[in-house]
Structure formats: structure tokens, C-alpha cells
Number of protein chains: 2
Amino acid sequence: MAGKHELHEKGLRLTPQREFVLAAVRQLGHATPEEVAEKVRSTHPGINLSTVYRNLETLENVGLVLHTHLGHGGATYHAAEELTHLHLVCSDCGEIGDAPIEAAANFVNTLSDEYGFKTDVTHFAVYGLCSKCASKKSK
Amino acid sequence: MAGKHELHEKGLRLTPQREFVLAAVRQLGHATPEEVAEKVRSTHPGINLSTVYRNLETLENVGLVLHTHLGHGGATYHAAEELTHLHLVCSDCGEIGDAPIEAAANFVNTLSDEYGFKTDVTHFAVYGLCSKCASKKSK
DNA sequence: TACTTCCTGCGAAGAGTTTGCAGAATTACA
DNA sequence: TGTAATTCTGCAAACTCTTCGCAGGAAGTA
């Protein structure tokens, strides 16, 4: 699966901790550093939180993972190749939904054409009410 | 300008601290709690940071101010009546630009029609490269 | 004015993240 | 395969940002 060389190619050393962190990010989809640590501990109990933080940063620097801000303050991490969707964060229930990037295509073009702003769609969270909470409120 | 009654009408007591916090938010446009505190201290030096936090929360509860997440973690506060624009946060220089809400109208409709998601446009930040940084990079 | 209730300042506590250091572990090279 | 150079990890402490408990003080009410 995850060839060992992808870390070498980036000039990084191949340590179990680093592999586990990368694997955890890929499995979790999106996860906070804390969640990544928890996941990693299921196979590598001794891993330190600092190590997770440092590896997330390192992996982000070489482009293997990315982080997004979903609002509550902390960052959440994604495998770079899996970040192909928008995040719809419900202000009511906190649920994080997905929508394809294409849904924002017009919006991105508008901002680019009219304001010269090159939107990084993969990095922003969209706030609002999910369909469940919206219908709950209209009752 | 800011009639004294607007706080009374919300069932809040009228304290100098509270008035200053509200005034600071209105003057600053968008500001972190720390910035609000700094602003308030220019006229009311002794104000405590906790007081600022508590008043921001109180004022938000009654709908006079709102907060948005611009990404770096902390929240920034706005006067409710002034929050009529999108935030374009530059990932490179950190500058916060504005765009009218209408620029997102199509996007909001798309999400509503296709995913049932009711976007709160005033609460989300848009990440990307501002025109200055974008042209810098293309050189 | 006197009373009730809310608000403020202060200090401490809590969550989340970063940093310095010493001891491993990994890699490169002979 | 052995050895040296360098990076990485774990641990503990430090830091930032935010919240909380408490006691005194201020605002509102009659």
C-alpha cells in the first residue's frame, strides 16, 4: 500500500511514528492532532503527543497532509490526496458534511474574476445549518 | 449614535465596561478579544481581559455582536449590523479582504438546493491568495 | 435610601500547542 | 557490516488563549 519510499522521496527519515501518523491521517479522513494521537496509540501505545504535532507539521511541509480550520479553534488534518471536498459545518449539531468541490466552482470564479482572489477551496470551512437541523428549526 | 437603551432593551445592565466593549467592536470592524481589550484600555485602562471575554459573550447572546473564524484559531468579533461582507483571508500575507455577500449568492443557493445546507455567509472565512500575493507568485 | 441582583477584577485553572534537551534510532558511507 | 553524522522521539516545562470561582462593588428597583 503506502510504499515506504514516499517519505524517503521527501527527504524524511522513515520512523514507525511517522508512518503511523501518516496512516492515521489517511484512515481518519479528517482529524484533530488529538484524534490522530489516539488512533496511532491503538498500534503504537507509547507515542507522544509532541511527536504527533511535529510529524503533522513535517508532513504538511512536504505536502503529504494539509490542515483546514473547521471553526472550533483547532486545526484538522487531511491526507493531501483525499482533500477533494468542501466541509459543511453545522452550527447547530456540529456535524461535518461534505460537498464536492464543483459546488463552489462558480463562487471561486466570481472571486477570481471580480476581486483577483484565488480561493483555496480545500482550506475553508462553510458554516451553516445542515438539512437535519434546518428542518428541525422550521417546525 | 448608540442610544443607551439598546443595552437595557436587551435586559442588560449599563456598565461603562460593557459600553466600551461594544463601542470598540463597532469601531474596529473586526477584532480579536485581545484587540478589543487594547482598544478599550485607551479610554478605560483598568479593564480586565475576563471582562472583555464575558461581555463579548453576553453581547453575542443578545445579538449585538457576532464572531467569525478567520482561521488562525481565535475568533474575531464584529458588530452585528456591520457584518455584511465576506472575509477573504490571504494565506500568504494574512491580509483580510472584503467582498460583498452577493458574490456568494449562487454558491449559497447551490448548497441549499442540492444539499439542503443553509449557509451562514456571515460566519465563514474564505481562504486563498489575495491579488497582490497571487501576482507576486506568478512572477 | 435600602435592597436585590448583576457585573467586575483578580487569581487560578484548564485546554491546546510549542519548545529545549538528552538519549535513541535512522541513514550514509567506508 | 561497522561507524559516524544527523535526525527523531519522549519527557517535561513553558506558553498562549480562554474560562471559572470568588468577594467586593456597581446598577437597577421601589
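None of these values were measured; they are calculated from a predicted model. What you see below is based on every heavy atom in this structure, not just the backbone, and it leaves out hydrogens, waters and symmetry mates. Lettering follows sequence order; numbering is per chain, from 1.
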What string of B, S and - do you get for nucleotides 16-29 of chain D, 5' to 3', when a contact is any protein heavy atom under 4.0 Å? -SSBBB----BBS-
Leading and trailing nucleotides of DNA chain C with any atom under 4.0 Å from heavy atoms of chain B: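 Taking any atom under 4.0 Å from a heavy atom of chain B, the span is dT5(C) to dG11(C).
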Pairs where residues 70-97 of chain A contributes a residue and the test salt bridge (Lys or Arg N to Asp or Glu O under 4.0 Å) is met, not counting sequence neighbours: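 Applying salt bridge (Lys or Arg N to Asp or Glu O under 4.0 Å) to every pair that reaches into residues 70-97 of chain A, excluding sequence neighbours, yields R26(A)-E81(A), D92(A)-K137(A), E95(A)-K132(A).
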[X] side chain vs [Y] backbone, donor-acceptor pair below 3.5 Å:
X: S135(A); Y: S131(A); value: yes
X: T110(B); Y: N106(B); value: yes
X: T76(A); Y: T32(A); value: no

Atom CZ of F20(A) and atom C1' of dT9(D): how far apart are they, to the nearest Å? 14 Å
Aromatic contact between H69(B) and H87(B), with the criterion being ring centroids under 6.0 Å apart: yes or no? no
Run through R18(A), E19(A), E60(A) and flag the one making a side-chain hydrogen bond (donor to acceptor under 3.5 Å, both in side chains) with N55(A). R18(A)
Under 4.5 Å between any side-chain heavy atoms of L66(A) and H123(A), yes or no? no
Transitive ILVMFWY side-chain link L129(A) to V121(B), under 4.5 Å: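 No, L129(A) and V121(B) fall in different hydrophobic clusters.
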